[in-house]
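Here is the structure we will look at.
Predicted model only: the values in this text are computed from it and were never measured.
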Amino acid sequence: MAHIHDVLIVGAGGAGLTAALFAAKNGANVGVISKLYPTRSHTGAAQGGISAALGNVEEDRWEWHMYDTVKGGDYLTDQDAAEVFAKETIEGVIELEHMGLPFDRLPSGKIAQRRFGGHTRNFGEAPVRRAAYAADRTGHVILHTLHQQAIKHGITFYNEFYVLDLLFDEDGRAFGVLAYELATGEVHAFKAGAIVIASGGYGRVFKITATAHTVTGDMQALIYNKGLPLEDPEFFQFHPTGLFPLGILITEGARGEGGILRNANGERFMERYAPTIKDLAPRDVVARSMFIEIMEGRGCGPNKDHICLDLTHLEPEVIEKRLPDIAEFARTYAGVDPVKEPIPVLYTAHYSMGGIPTTLWTEVVRDEKNTVVPGLYAAGESACVSMHGANRLGTNSLAELIVFGRRAGIASAKFAQTYKPHPLPPEVVEPGRERVEKILNGSGDESVARIRKALQESMMENASVYRNEERLSKQVKIIRELQERYEHISIQDKGRIYNTELVEALELGSLLTVAEALVHAALNRTESRGAHAREDYPERDDDNWLKHTLAYREAPGKVRFAYKPVVLGRFEPKPRTY
Ligand SMILES: Cc1cc2nc3c(=O)[nH]c(=O)nc-3n(C[C@H](O)[C@H](O)[C@H](O)COP(=O)(O)OP(=O)(O)OC[C@H]3O[C@@H](n4cnc5c(N)ncnc54)[C@H](O)[C@@H]3O)c2cc1C
């Protein structure tokens, strides 16, 4: 079956739905494909807030937001992207409000704003209230608001369709995708004037993670397997406060509301590592400080293996009203009442800064000269417009979805006008069918669950908060072995209809592919910057490494690197202290 749209969007999270809305508003006939029902996308799990220099509580300026974003990214941030972002998120948040999004309010009726890590006033002077929020369910309300708007605008949804392949014509123009429909087992062909990838991140490469089971980097893996590059895949963020030991997220908003991290001695140790903004330092800084506290024997609990997040000095009303979900998580999953005792926390895999490289208008590029792949766009966590550089600030991701999702919608709708649909031959679906059949017919003795577990555990051990050559080299070998084992998997459900085991097998293939890019790039980058901390190269090295990685897959296990200059601008790279 073939479906034709002007603009086709892969992904129904915040980025995909924003792109869909704006493409539709710009006259395009839009289709959205999603492996999940849209409101189950990971955006719905976002808790703490969305950043914009609205200045509702105290003075704020987009220039300060831009500065924080550039410094937060350890100067690997492209400054043109950070500027577009800091300016356009202001309008974006107000637009969400006009769509009916139920933000928390100030007594004056304006949108309330809270503090978040790395967001400061006057270029680093003190924390500023910049995050708009709806209790600790900000992503949930964003996703529902956008979904309702998309329905209102007559957008066609293909829910529970798993994208298997991207189609390009001889001139390299992207013109379609192939997708497996869970409900029927059928492989469908989709044709479009422009395609927007908005498929989210790949937090599931690690064992301890705050991301949903479905965050598996499928489209990044497809792009990489097609010979297109991934940008900066070595930069992966660990969020400091996952609920110990499960890794469920405890929003940074808890510290934004006044929460304090303490070690076993009850000491507020962040005063030593970031004297100016303390517990509200960026995530990479806080995660490493916690690691050091634990390594030096000051971890909490009988095994001294975690840190305490103390909210007991806050008014109970603040906890119940502004942080209701995380309070419930602590009670349910850790048996701890945050009103009375500190919450046990440890870093948890959270966000992929790297991804599919794009221009400021979200066009996918194929090389360091920014040569555009015609018809292909990417936005949100799957993309790398490089506004986060080496480390993302909290609340900048939801804002990115709104800013660059909007740009993707506008640009793709315009490009789609250059396209004349003509029918697809029925055999076009064959490569997709082959991928499915290969897994269904597999009769080897390897299991998906075992390989996934081995990948996630080894990634945690060898490629997480601190890295070095020895462990990364070991991980390169482990991934290659796991990829070989993956060739011999078999699944028990041989049925074609609603085969979730098949989908999990496909997702494992994606995880192995993106993990390969991550680990090779991490081994290649011999410096420490942002979230990439090398024990054997502890300093940032601007002379040699103030540049973006482009990783190309030459063959399984063989990666080639090219480099793209960082777009500098008004903020000179400086040592990063807080
Ligand atoms: C627990 C948690 C809390 C967070 N809190 C915040 C916060 O407070 N503030 C903030 O700024 N950021 C936060 N983040 C980060 C932010 O939520 C994410 O980066 C962002 O929501 C990603 O949005 P997205 O639209 O790019 O992708 P997602 O929301 O992940 O959506 C991806 C979409 O792609 C589809 N898809 C993927 N692969 C395929 C395929 N093969 N075929 C078909 N469809 C596919 C999925 O069905 C889904 O619809 C948080 C993240 C987590 C995990």
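When atom types are taken as modelled, the side chain of His42 and the backbone of Val215 share no donor-acceptor pair closer than 3.5 angstrom. Under the 3.5 Å distance criterion, the side-chain polar atoms of His306 are left unmatched by any main-chain donor or acceptor of Leu243. Using modelled atom types, one side-chain atom of Thr138 and one backbone atom of Gln47 make a donor-acceptor pair closer than 3.5 Å. At least one donor-acceptor pair closer than 3.5 Å links the side chain of Asp104 to the backbone N or O of Ala135. Without hydrogens or angle criteria, His140 side chain to Ala134 main chain gives no donor-acceptor distance under 3.5 Å. Between the side chain of Ser412 and the backbone N or O of Gly409 there is at least one donor-acceptor pair closer than 3.5 Å.
Residue-environment remark: OH (Tyr333) stays at or below the threshold of 12 foreign heavy atoms within 6.0 Å. Annotation: Glu320, atom CD; neighbour count of heavy atoms from other residues, nucleotides and ligands within 6.0 Å is above 12. In Lys110, the NZ atom is not crowded: 12 or fewer heavy atoms of neighbouring residues, nucleotides or ligands sit closer than 6.0 Å. Around the CD atom of Glu59, the shell of radius 6.0 Å holds more than 12 heavy atoms that belong to other residues, nucleotides or ligands.
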Enumerate donor-acceptor pairs with a distance under 3.5 Å from any side-chain N or O in residues 145-157 to protein atoms, sequence neighbours excluded.
unit_1 : atom_1 : unit_2 : atom_2 : d
Thr145 : OG1    : Val141 : O      : 2.7
His153 : ND1    : Gln149 : O      : 3.0

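Pairing each heavy atom of Trp361 with each of Tyr377, the nearest pair is O-CD2, 3.8 Å. Scanning both residues, Ala194 and Phe415, for their nearest heavy atoms gives CB-CD2, 4.2 Å. Taking both residues in full, the closest heavy atoms of Ala533 and Val465 are given as CB-O, 3.6 Å, listed atom of the first, atom of the second, then distance. What you find for Ile319 and Ala327 is that their closest heavy atoms are CG2-CB, 3.9 Å. The shortest heavy-atom contact between Ile326 and Thr251 is CG2-N, 3.7 Å. Nearest heavy atoms, Leu309 versus Ala254: CD2-CB, 4.2 Å.
With rounding to the nearest 0.5 angstrom, the CZ atom of Phe404 is 7.5 Å from the OG1 atom of Thr358. In this structure, the separation between OG1 on Thr241 and NE2 on His239 is 4.5 Å, given to the nearest 0.5 Å.
The shortest distance between side-chain heavy atoms of Leu17 and Thr43 does not fall below 4.5 Å. A 4.5 Å side-chain heavy-atom check between Arg115 and Pro127 finds at least one atom pair inside the cut-off.
Salt bridge annotation for Glu257-Lys321: absent, with no cationic side-chain nitrogen under 4.0 angstrom from a carboxylate oxygen. Here Arg529 pairs with Asp542 in a salt bridge; the nearest charged N to carboxylate O distance falls below 4.0 Å. At a threshold of 4.0 Å, the pair Arg467-Glu234 does not count as salt-bridged, since none of the basic side-chain nitrogens sits closer than that to a carboxylate oxygen.
Applying the ring pair (Phe, Tyr, Trp, His ring centres under 6.0 Å) criterion to Tyr273, with sequence neighbours excluded, gives no partner residue. Residues that satisfy the side chain to side chain contact (heavy atoms under 4.5 Å, CB included) test with Lys547, not counting sequence neighbours, are Trp545, Tyr563. Under the rule for a salt bridge (charged side-chain N to carboxylate O under 4.0 Å, His left out), the partners of Glu293 that lie at least two apart in sequence or sit in another chain are Arg272, Arg298. Qualifying side chain to side chain contact (heavy atoms under 4.5 Å, CB included) partners for Gln417, counting only residues two or more places apart in sequence or in other chains: none. Residues forming a salt bridge (charged side-chain N to carboxylate O under 4.0 Å, His left out) with Glu341 (at least two apart in sequence, or on another chain): none. Among residues two or more places apart in sequence or in another chain, the ring pair (Phe, Tyr, Trp, His ring centres under 6.0 Å) test is passed with Tyr75 by none. Residues meeting the salt bridge (charged side-chain N to carboxylate O under 4.0 Å, His left out) test with Glu328, sequence neighbours left out: none. Qualifying ring pair (Phe, Tyr, Trp, His ring centres under 6.0 Å) partners for Tyr578, counting only residues two or more places apart in sequence or in other chains: none. Residues that satisfy the side chain to side chain donor-acceptor pair (under 3.5 Å) test with Thr359, not counting sequence neighbours, are Glu363.
Using a 3.5 Å distance cut-off with no hydrogens or angles, the side chains of His548 and Asp78 do pair a donor with an acceptor. Judged by distance alone, the side chains of Asp284 and Gln237 never bring a donor and an acceptor atom under 3.5 Å apart.
Applying the salt bridge (charged side-chain N to carboxylate O under 4.0 Å, His left out) test to every pair with at least one member in residues 33-44, sequence neighbours left out, gives these pairs: Lys35-Asp218, Lys35-Glu507. The list of salt bridge (charged side-chain N to carboxylate O under 4.0 Å, His left out) pairs with a residue in residues 65-76, not counting sequence neighbours, reads Asp68-Arg130, Asp74-Arg540, Asp74-Arg576.
A centroid separation of less than 6.0 Å is found between the aromatic rings of His388 and Tyr351.
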Hey, mind stepping through Glu400 and Arg392 against salt bridge (Lys or Arg N to Asp or Glu O under 4.0 Å) and telling me if it holds? CA-CA 11 Å; Glu400 174 190 23; Arg392 168 174 80 82; over 6 Å; no
side-chain contact (heavy atoms from CB on, under 4.5 Å) between Glu527 and Asn544, intermediate numbers included: CA-CA 9 Å; Glu527 66 156 356; Asn544 294 303; over 6 Å; no
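Ring orientation note: the planes of His65 and Phe85 are nearly perpendicular, at an angle over 60° on the 30°/60° scale.
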